[in-house]
Amino acid sequence: MDVKRQLETRLRQYVLGELDDERRVEIEERLITDPDLFELLGPTEDELIEDYLENVLTSKEKAAFEQHFLTNEDRRWHLGFVRLMKEKVVQRPSDDAVTDPVAEGSSQLAGRSESGDESWARLARGGLFVGHGQIWAGALAASLVMLLAGSVWFVVRERGLSNELGRLQAEHQLEQRERRDLQMRLERLSGQAQALQTELDSERRLPETVKATGARALIPEALLPRLQEPPLFVLATGLLRSGGSMARVAIPVNAPLIRLRLELPGNEYMLYRAVIYDAEAQELWAQSQLTAQAGDGGATVTVTVASTLLPRGDYQLVVSGFDRGTQPERVGAYTVRVTTP
Amino acid sequence: MTHSLNPEQFEVLLKQLSPDRDLAGAKYEQLRRRLVTILTYRGCTHPEEVADETMDRVARRLAEVAPGSEIGDSTRFVFGVAWNVAREWIRRQRTVPLPDGWDAADPVEPEMPGLESDAGQGCLKRCLGCLPPQDKDIVLTYYEEEGLAKIRHRAMVARQLKISSNALRLKIHRITLRLRECVFHCVDTARPGEIGLH
């Protein structure tokens with residue numbers, strides 16, 4: 001039971017993009033090779049969609065759901081469909097009302113019980129005891145009445161107990177789920193606290209001399225390791241503004257992230273998408289749902305990427321613009337050579 | 001560089017999946033669907049193409065295995081090879097997740113014009129009408145409650161149907177997938193009279 005619940009939690013984390021790389025690969029392997037687990041993925045997605053629509057996700061889960069799951073049109077369509085289903089059920093008019101399977105089940109049970117009564121009545125009427133005294137007939141009738149009353153009592157009691165059991169099971173399930181959610185939240189918060197502590201420690205260790213001695217002036221802006229923000233490189237279509245005609249980016253060794261500000265020829269689209277290709281035109285990285293910022297020099301889109309993604313070599317960035325429901329159109333291409341500082 | 005698959009290699013793949021050609025085809029589609037799902041989760045922008053390419057590579061790899069080799073459960077073997085090939089693609093992507101808070105993209109409010117309109121409700125009503133009555137009952141009953149009441153309500157529905165909660169979840173998922181396809185087709189063609197469940 002625990003293993004099953006653990007798997008469900010793991011799947012939920014997978015859908016939200018909350019798993020580390022090792023666990024993610026592990027679950028993906030099982031999704032490919034284990035048909036039972038793959039079967040559970042769809043219902044897990046459905047439930048997260050419902051939780052999202054009912055606004056019961058935490059703000060972090062909500063953000064993860066939007067940024068990790070609602071990334072393609074098909075899934076957004078499915079979300080719209082589930083919303084439609086839920087609205088339909090709320091608006092369900094009486095003429096559209098359908099037979100409740102619960103009620104149907106009950107009526108079938110009732111039907112069986114009636115036919116049972118009929119057979120008993122037939123038996124009693126059928127002359128089995130013809131020729132015997134009235135006293136036997138009376139005794140039989142009394143026994144039947146008592147038997148029926150007893151059966152009814154047992155059925156009612158069993159149903160009551162069964163409902164009670166169901167209620168308790170549901171409550172238990174709910175408590176387990178809340179406990180699991182709290183545990184997950186706690187783990188996330190302690191992770192964040194740890195990250196903040198690490199950041200604070202490294203900030204404390206930052207040599208004040210860099211600023212005090214004016215050494216900053218000797219180091220190009222793009223090479224200065226900054227704790228608050230990753231180094232920023234501004235790219236114009238086809239070349240690097242700061243690097244003249246050479247589109248070169250020197251990533252500082254101790255910068256885990258870099259920012260690339262991509263200048264756009266205009267700002268005609270609601271959203272933008274940036275893709276980085278390597279020298280063999282293999283897609284390395286992509287980010288959608290970017291919005292342009294207007295500035296003095298025109299519109300720009302800024303992306304943040306991990307430095308490890310871009311070892312020494314040549315890359316091409318392509319930016320496409322699109323409005324909702326339209327096909328993306330290419331608006332800019334930027335050729336970059338990554339060098340060591 | 002990849003080169004196209006030849007018919008012999010494709011046949012080897014199908015035979016490994018099952019000696020029955022129809023069953024092999026079904027398993028092929030199953031595997032392909034799982035690959036598309038994983039690739040989509042990996043942010044692949046064209047998962048169908050990559051899945052096809054993966055399947056081609058699986059077929060080529062299988063053709064290299066000496067005929068008559070002892071490979072045990074052949075379906076599992078094929079799925080394992082597919083996973084290895086897919087992993088190569090995943091490794092090539094080298095996607096590194098960004099820390100929280102960096103340049104977070106604006107969330108997009110899902111907006112599906114066809115579904116928001118009356119046409120969406122009309123199509124749903126028609127598609128529900130195409131379902132077997134019991135499936136229609138179950139799916140509408142399933143979505144009746146929200147929040148805490150939802151869990152109890154669904155547990156009760158599962159008990160009444162004499163199936164486990166998981167089996168009910170799967171059943172609802174399958175029904176809603178069929179319904180969804182029907183509604184999509186209906187809204188897309190805007191000819192609700194001609195729709196039906198497939």
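Residue numbers begin at 1 in each chain, while the letters A, B, ... track the order of the sequences.
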Are A:Glu39 and B:Arg169 within salt-bridge range, i.e. N to O under 4.0 Å?
-> no
For chain A, which residues from residues 23-33 of chain B have at least one heavy atom closer than 4.5 Å to it?
-> B:Leu31, B:Arg33
Checking heavy atoms, do the side chain of B:Phe184, its backbone, both or neither come under 4.5 Å from chain A?
-> both
Which atoms of A:Tyr14 approach chain B - backbone, side chain, both or neither, heavy atom under 4.5 Å | both
Establish, for the pair A:Arg75 and B:Tyr41, whether the NZ or CZ atom is under 6.0 angstrom from the six-membered ring centre and no further than 45 degrees off its axis.
-> yes
Considering only heavy atoms from C-beta outward, does the side chain of A:Leu31 approach that of B:Thr37 to under 4.5 Å?
-> no
Most chain A-contacting option - heavy-atom pairs closer than 4.5 Å, from B:Asn84, B:Leu35, B:Thr40 = B:Thr40
Please look at B:His153 and chain A and tell me whether the side chain, the backbone, both or neither of the residue comes under 4.5 angstrom of a heavy atom of that chain.
-> neither
Sub-4.5 Å side-chain heavy-atom contact between A:Met85 and B:Val183 | no
Chain B heavy atoms under 4.5 Å from A:Leu41: which part of the residue, side chain, backbone, both or neither?
-> side chain
Search all heavy atoms of A:Lys88 against all heavy atoms of B:Leu124 and return the closest pair with its distance.
-> CB-CD2, 3.5 Å
Which of the residues A:Val82, A:Asp74, A:Leu40 is involved in the greatest number of heavy-atom pairs with chain B at under 4.5 angstrom?
-> A:Asp74
With a 4.5 angstrom heavy-atom cut-off, could you sort out which part of A:Thr71 is near chain B: side chain, backbone, both or neither?
-> neither
Is there side-chain contact between A:Phe38 and B:Ile38, with heavy atoms separated by less than 4.5 Å?
-> no
Would you check if B:Lys150 and A:Glu47 make a side-chain contact, meaning some heavy-atom pair closer than 4.5 Å?
-> no
Roughly how far, to the nearest 0.5 Å, is the NZ atom of A:Lys86 from the CD atom of B:Glu145?
-> 10.0 Å
Side chains of A:Pro43 and B:Ile172: does their closest heavy-atom pair fall under 4.5 Å?
-> no
